Structures are given as C-alpha cells and as structure tokens.
Amino acid sequence: MKYLLLTAFSLLFIGTSFSQEKGVINNALSPNMKLKTVDFSDCQWTDGFWADKQKLCHETMLPNLGMLMEDSNTIHAFNNFKVAAGLVEGEFRGFSFHDGDFYKYIEALSYAYGLTKDESLNTKMDEYIAVIAKAQRNNGYIHTKIQIGHGKNKFPRQDQVAFDTFNDPFTIDFDHEFYNFGHLMSAACVHYRITGKRNFLNIAIKASNHIYDKFHKPSPELAAIDWNPPHYMGLVEMYRTTGDKKYLELAQTFIDMLGSTEATGAWKSRGLDHSQKRTPFREEHEAVGHAGHGNYMYCGVADLYSETGEQALLDTLEKIWNNLVNQKMFVTGATGSYHHTVSRNNDKVSESYAEIYDLPNTVSYNETCANIGNGMFNWRMFLLNGESRFADIMELVFYNSALSGIDLEGKNYYYTNPLRFVQGQPQKTRDFGKRRAFMPVFCCPPNIIRTIAKMHSYAYSKSEEAIWVNLYGSNTLDTDLANGTNVKLTQTSNYPWDGDIQITVDLKRKKEFSLKLRIPAWVEGATLKVNGETISQTLSPGTYFDLKRTWKKGDTVELNLPMEAQLIEANPHVEQARNQVAIKYGPLVYCLESKDLPVGTKVQDVVIPQNIKLSPRYDATLLSGVTVLEGEAEVLNNKTWSNQSLYKKLEPKKTAKVDITLIPYYTWSNRGPVDMSVWLPVVWK
C-alpha cells in the first residue's frame, strides 16, 4: 500500500510540475538553492561565440558522435545494447563505461531537440531508447558488459537469476556500473523534461529502484563497490523529477558510506583515496584522488545539500572548494595533475589531484571530463548562494580547459589538456599533442558535446525578484518571474572578444525587479549606463551588481567590461611556474605556439618582458575567428646547449627581439603538430 501511495504521489508530482520545471537540473523546489535554473527553452544564443559553437554542435558534432556510437567497429556502444537486448548475436566489446557514454550522447540529443525541434532527433532517440528498454532486465538491472559477459550472449537478457556485481561484490573489476547508472538517471530526467515522454524515464525508474533494493541497507561488501559517482547527482535528480523520496534517501546513504570500507578485494590494487573512499565525507578537508570522480561527487553532495540543508555537507564543500581552487587548480580551470601518483595516505591514485601547489605543465593530465566536472561543481555552488566567485570559475572552465577538449572542426578530441607541449619531450598523457577522431576511452567526447549543447542554460538564473546574468554574449531570454511577470531580454555583445554589452528589456507593463549583472574578478574599471545615463555606484570586481529599478519596455542597459591583456603569476609555492607568467584576456587564457614564431625560434626560448605591451587584434580568418594578442618579446640564444648534457656552467645569455602572436588556449593544436606553452619565462626589468 505504501509503495502504491508513493507511486501515486510520484505520478501526481510529475503531472503537475512538468509545465513549470524544465531546467537542466530541476531545482525549482530545492529549498536550499537560492537561485533557480531557467527553463531549457527560455534562452537561446543568437550570434557570436556560443551561437557558433551550438550551430557546429547541431550540424557536425552530434552527427559525427552518432556515427561513432553506432559503429560496431569503434565505440561499440549501441551494438552492446543490441546484443544485450537479444536483437543481434555478438560479444561485449569496448569498455564497461560505454553505456554511460551512450546515455550522455542521448542527453546531448535531447538538448539539441529542445532548441531545434528537429523531429528526426526525436525519432532517433525513441529508436535508441526502445533498444535500451529491451536490454534492461525485468528487475531493472542494465549494464551490458555484465549482461553479455565476455563470451557470446553469456547471460540471457531476462535471466531472473540475474548475475550482477551487486550479488558478488568481490568479483568487481571497476566495471563502472554506477557511472553508467548515474548518467542514465541524469539523461532520462533531461529527456523527460524536454520531450514530455516517459519512455526513457521509466527505464531510469526501474534501474533506480533496483539500486535502492540492493543498497538502502548496504553491507560493508556492497559499500566497497561504490565508485565513480555520477549516480549521486542522478539520484537527487530522480527525486526532483519523480518526487519519490527514496531516491534522495539513497543518495544520502551513498554519501554516508564514504569512509566506511577497507581496501579489500579489487581495492587492494588501488588505494581508497582514488575514489574518495578512505575518509568520511564530513571529515574531509581537501580534494583528493581521481579528479573526475571527485568533481562529480562534489556536484552530487551539493545537490543533496540543496534538498536537505545539512550544514556539515556545505561546510565540507567549502573546505574542498577552497583547497581545489586556491591550491590545486590550473590557471585554465583544469584539475588533475598527474596520470599516476600517490595520495597523502600513500594510496595509488590515477588522473588525480596532487599535493597542494603541485601543478606541472608538460605532464599535466587535466582530463576533459574532470575539467567539465569542475565547471558543473562551481555552477551548483553558485546556485546555492549566488556568489560570483563560483560563476567566475565556471566561466573560466567553459572558455578554456573544457573547450580545448574538442577541435574547431568538431570531430577530434583531447582526453588530456596539458599547459605545455614540446615535441619529443615525454608527456605521460594520452594525446601527445594531437587530437584524435577516436579514443578507446571515450568518456570525454560526449561530455564536451553535451556541455556545448546546453551552454545556453548557464547564461541566466533567477531568484524571487531578480534575473541573474551569468554569461555574456548575444542571446535572448524569455522567462517568468516568481510572481508570473513575463520578462524578455535581448543581449547584444561580441563577448569574449570585447566587453561591450547591451541588454534591452521588453515587458508588457512596468515592473520592479533586479538585474544582477556579474562583474568578473578579472575586470578593472567596469562602467554601467541605463538609458544612456551613467550609474555612479562602483561596480566591484568579483561581485554581482544589483541593478534594481522599475523597468519598462525598451529600457536599455549598457555594461562595459574593459578588456586588456593581463600577465598572471602563480603562487611562489608552484615550483613549475616560478619566474613565469601566463597571459589572460578577459575570461580567456592564451598560449604561444611555435607556428607563430620565426623559423628556428623555439617556444621554450621565448621570454616575456614584465612591461610587455600586448595589443588585441581580431582575425576573422584565423582559427574560426579569434582575437590574438600581439607584442614584442625576447628570445634567448640557447644554440650552445647540448642535448647530451644535463647541467653546465652558467653562460651569459644573449637576447634578441622577437614579435609574438598569442592565441586562445582552447584553439591550440588546430593547425598541425606544434610546440605550445601557456606559462612563459618572464624578464624582470
């Protein structure tokens, strides 16, 4: 009877909330998130940077990704579902996490459909979902590697004995079940909110119920197999979408399990810190272990706090955020210093945060998924309280270390994102200075594509009587305030290439509300006009300026965020960046490529005078249209150095003038194999 009542409540919740809660995350009723997402279709990029990226996403990125996902000779993802469904004979091929990658692909298709209303996308998703539904066992379990096994059709699709690693946890070989389940939950919720169809959501409900049955009172052995945690976010989103509180309780259970296990079974070969399992979460004070896992987990904890309001969770998130952003994050917003290292507890960890201030350049790992996870984490922290410091990091990631994961053509990818590349110098990462059309570990391509596909959803947020402007660029917003007042905004800007922004207001009758304008931390001397009249208040960097007034149709806001090249230095404890500078222009980090140097001049021989004058110049013909920074630097004469010697007596260095052209970091390696560096030695004059 209790289950029937819960089900009835869930159906009522879904039926009454669909027309109101269509954000990328459904936080309309989350009591501890001060800011709410706008509905998915409320905002659209109309021109410029993100409009061009989304157009490329719809026309090239998604079709190319779909071709790879359906190709049984490369990714194998869709074919594995067909084999598990009994539609074709075969064996499991690829990696255990390809199920989750395929769910991310469907999520990206959902976003594209939400914007374009292209019915061919809707039809394609229905075809995919029908196969996934057929592959799912009656008890809700779905994980094609386990269902198919290592031989042909080893386990019948609807075998009611239903082997899974939940039943035999000591056999687990890091099969990414929870990664897959988590992306299934998130994608299904998004698909439901955008299409109104329950076919994908029903699969996620069955899977979530199966996990609840297994884990609502977990044994220590079961607690040990929880790792790679997109399911923390997924379960909270399932609660928000269905209203079934058991999903929220289960997310709480998973977080409470952290720190409760010992290194048994497969964990003996990999340390507990790898997936943040050694320390109870509320006792943690730093970001440790696999950066992708960690950033996903912090997202899930932020989601849980938004629903429960447990102060200890928020306190820990604040400690971790401060450690991550102020001691372990790269200048591009990237996270994860090394491919392999050890934690402070001497645990083996991979793709991991390192110790504080250990931020290498050439061997920096910086997995694209981990970087995107950092953006997602900061977005959630921003929604909790509206503090600009979080939105600043979100923007930093999306313009730099996330976007570098895909080339300008939209068909080739980076798994890792180093800050320096010199041909012939060992990198110890996966990519070696060249993006690839296919990589066996294929988690990053669908992740960056789904991120681009939903980028308009990050542009604005809402609170009770305010619209928050988070990202700048040409777009339109058509949304309702909490009291039902419809507000339309038209933003015109060439951001991030310049900081001139104009916003025009359109509403049916005069109404008082606030426009919260983000003043980025990097800006100096921001100015603001309303209807041509200068606003005299100071626009403090790193804040949201509260522009509250009674608005009428046709009111215009002119915000100017002056952009100039800035030399950035690192904390002196960052040994790898001592006596070096990075260059930023607005939200963009820049780099130097050997392509833009005279023949015979090496990137590693260029030094930057501390008083260098760098002039911006927009070049529509270069790298799909970018602003470059041009100036005069110096080059050292290192021709006497022998590669056969490691050290030698210091000799006087002769320098010569050299003209340099810096390009945005996200565009590097789009003109063939090149040497590149973000950090460059500085001459103190």
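Side chains included, hydrogens not; waters and symmetry mates left out as well; all remaining heavy atoms used. This is a predicted model, so every value here is computed, not measured.
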For this session: Take N27 and S306 through the test side chain to side chain donor-acceptor pair (under 3.5 Å) and record every step on the way to the result.
Result: CA-CA 8 Å; N27 71 338; S306 76; over 6 Å; no
Exercise. Has K197 got its NZ or CZ under 6.0 Å from the middle of the six-membered ring of F200, at an angle within 45 degrees of the ring axis?
Worked result: no
Exercise. Donor-acceptor pair, D39 side chain versus K22 backbone, under 3.5 Å?
Worked result: yes
Exercise. Can you name the closest pair of heavy atoms from A112 and L121 and give their distance?
Worked result: CB-CD1, 3.8 Å
Problem set entry | C189 side chain reached by M238 side chain, heavy atoms, under 4.5 Å | yes
Exercise. Do you know the tightest heavy-atom contact between C43 and A459?
Worked result: SG-CB, 4.1 Å
For this session: Check whether the side chains of H290 and E351 place a donor and an acceptor atom closer than 3.5 Å, and report yes or no.
Result: yes
For this session: Could you tell me the separation between the CZ atom of F49 and the OG atom of S624, rounded to the nearest 0.5 Å?
Result: 10.0 Å
Exercise. Just wondering, do S388 and I519 contact through their side chains at under 4.5 Å, heavy atoms?
Worked result: no
For this session: Just say parallel, tilted or perpendicular for the rings of W668 and F421, cut-offs at 30° and 60°.
Result: tilted
For this session: Taking the side chain as every heavy atom from C-beta outward, state whether L489 and L515 have any pair of such atoms under 4.5 Å apart.
Result: yes
Problem set entry | Donor-acceptor side-chain pairing of R193 and T241 below 3.5 angstrom | yes
Problem set entry | Separation between CG of D101 and CG of N180, rounded to the nearest 0.5 Å | 7.5 Å
Exercise. Can the ring centroids of F181 and H231 be said to lie less than 6.0 angstrom from one another?
Worked result: no
Exercise. Counting only N and O atoms by type, is there a donor-acceptor contact under 3.5 Å from the side chain of K462 to the main-chain atoms of T479?
Worked result: no
Seminar exercise, completed: Between V83 and G90, the two heavy atoms sitting closest are CG1-O, 3.6 Å
Exercise. CD1 of I448 to CD1 of I372: how many Å apart, nearest 0.5 Å?
Worked result: 4.0 Å
Problem set entry | Partner of P587 by side chain to side chain contact (heavy atoms under 4.5 Å, CB included), out of Y472, F398, Y399 | Y399
Exercise. Does the gap between the ring centers of F102 and F78 come in under 6.0 Å?
Worked result: yes
Seminar exercise, completed: Shortest non-hydrogen pair, V469 vs Q491, comes out as CG1-NE2, 4.0 Å
Problem set entry | Donor on one side chain, acceptor on other, E119 and Y113, under 3.5 Å | yes
Exercise. Is there a donor-acceptor contact under 3.5 Å from the side chain of Q136 to the main chain of I203?
Worked result: yes
Exercise. Can N486 and K488 be counted as having a side-chain donor-acceptor contact under 3.5 angstrom?
Worked result: yes
Problem set entry | is_close_aromatic(F81, F92), centroid dist under 6.0 Å | no
For this session: Any chance you could measure T116, atom OG1, to L62, atom CG, to the nearest 0.5 Å?
Result: 9.5 Å
Exercise. Is there a side-chain contact between S401 and F330, using heavy atoms and a 4.5 Å cut-off?
Worked result: no
Seminar exercise, completed: Closest heavy-atom pair, E367 versus G292, reported as atoms and distance to 0.1 Å, is OE1-CA, 4.3 Å
Exercise. Any side-chain donor paired with an acceptor under 3.5 Å for Y128 and E70?
Worked result: yes
For this session: Classify the side-chain pair S669/Y414 by whether it contains a donor and acceptor separated by less than 3.5 Å.
Result: yes
Exercise. Do the rings of Y179 and H176 sit parallel, tilted or perpendicular, given the 30° and 60° boundaries?
Worked result: perpendicular
Problem set entry | Ring centroid separation F390 to W379 under 6.0 Å | no
Exercise. Is the distance between the ring centroids of Y111 and F40 under 6.0 Å?
Worked result: yes
For this session: Kindly indicate, with the supporting measurements, whether the criterion side-chain contact (heavy atoms from CB on, under 4.5 Å) is fulfilled by E59 and L56.
Result: CA-CA 5 Å; E59 295 179 356; L56 185 66; 6.0 Å; no
For this session: Could you verify whether a donor N or O on one side chain and an acceptor N or O on the other, from T416 and D431, lie under 3.5 Å apart?
Result: yes
Exercise. Should we say atom NZ of K595 is surrounded by more than 12 heavy atoms from elsewhere, each under 6.0 Å from it?
Worked result: no
For this session: Report yes if the side chains of L629 and I583 come closer than 4.5 Å at any heavy-atom pair, otherwise no.
Result: yes
Exercise. Does I25 offer a backbone N or O that forms a donor-acceptor pair with the side chain of T37 under 3.5 Å?
Worked result: yes
Problem set entry | Electrostatic pair R435-D407, nearest N-O below 4.0 angstrom | no
Problem set entry | Main-chain N/O of I663 paired to E593 side chain as donor or acceptor, under 3.5 Å | no
For this session: Would you kindly say whether Y460 and N475 are connected by a side-chain donor-acceptor distance under 3.5 Å?
Result: yes
For this session: Kindly say whether T144 contributes a backbone atom to a donor-acceptor pair with the side chain of D99 at under 3.5 angstrom?
Result: yes
Exercise. Atom CG in N400, atom OG1 in T332: separation rounded to 0.5 Å?
Worked result: 6.5 Å
Problem set entry | H191/E107 under side chain to side chain donor-acceptor pair (under 3.5 Å): CA gap, chis, key distance, verdict | CA-CA 7 Å; H191 176 268; E107 184 179 343; over 6 Å; no
Exercise. Side-chain contact, heavy-atom cut-off 4.5 Å: V678 with V589?
Worked result: yes
Problem set entry | Closest non-hydrogen atom pair between Y415 and C443, with its separation | CE1-SG, 3.7 Å
Exercise. Do the charged groups of K124 and D126 touch, with an N to O distance under 4.0 Å?
Worked result: no
Exercise. Would a distance-only check, ignoring hydrogens and angles, find a side-chain to backbone donor-acceptor pair under 3.5 Å from N378 to M394?
Worked result: no
For this session: Check whether the side chains of S404 and N417 place a donor and an acceptor atom closer than 3.5 Å, and report yes or no.
Result: yes
Problem set entry | Residue pair S461 / N470, side-chain donor-acceptor N/O under 3.5 Å | yes
Exercise. So, T490 side chain and T476 main chain: donor-acceptor pair closer than 3.5 Å or not?
Worked result: no
For this session: Please test T195 against N122 for side chain to side chain donor-acceptor pair (under 3.5 Å), starting from the C-alpha separation and ending with a verdict.
Result: CA-CA 8 Å; T195 68; N122 203 6; 5.3 Å; no
For this session: Verify whether one side chain among D596 and T661 offers a donor that lies under 3.5 Å from an acceptor in the other.
Result: no
Exercise. When you look at NZ of K411, are more than 12 heavy atoms from neighbouring residues, nucleotides or ligands closer to it than 6.0 Å?
Worked result: no
Exercise. Looking only at atom types and distance, does a side-chain atom of H143 sit under 3.5 Å from a main-chain N or O of K145, one as donor and one as acceptor?
Worked result: no
Problem set entry | Non-hydrogen side-chain atoms of M125 and N199 separated by less than 4.5 Å | no
For this session: Using a 4.5 Å cut-off on heavy atoms from C-beta on, say whether the side chain of N73 contacts that of R93.
Result: yes
Exercise. Can D52 and K55 be counted as an ion pair, charged N to O under 4.0 angstrom?
Worked result: no
Seminar exercise, completed: d(E127 CD, I132 CD1) to nearest 0.5 Å is 12.0 Å
Exercise. Looking at the rings of Y296 and H183, which for Trp means the six-membered one, are their centres under 6.0 Å apart?
Worked result: yes
For this session: Kindly state whether the ring of Y544 and the ring of W468 have centres lying under 6.0 angstrom apart.
Result: yes
For this session: Using modelled atom types only, decide if a donor and an acceptor are shared between the side chain of D619 and the backbone of V626 within a distance under 3.5 Å.
Result: no
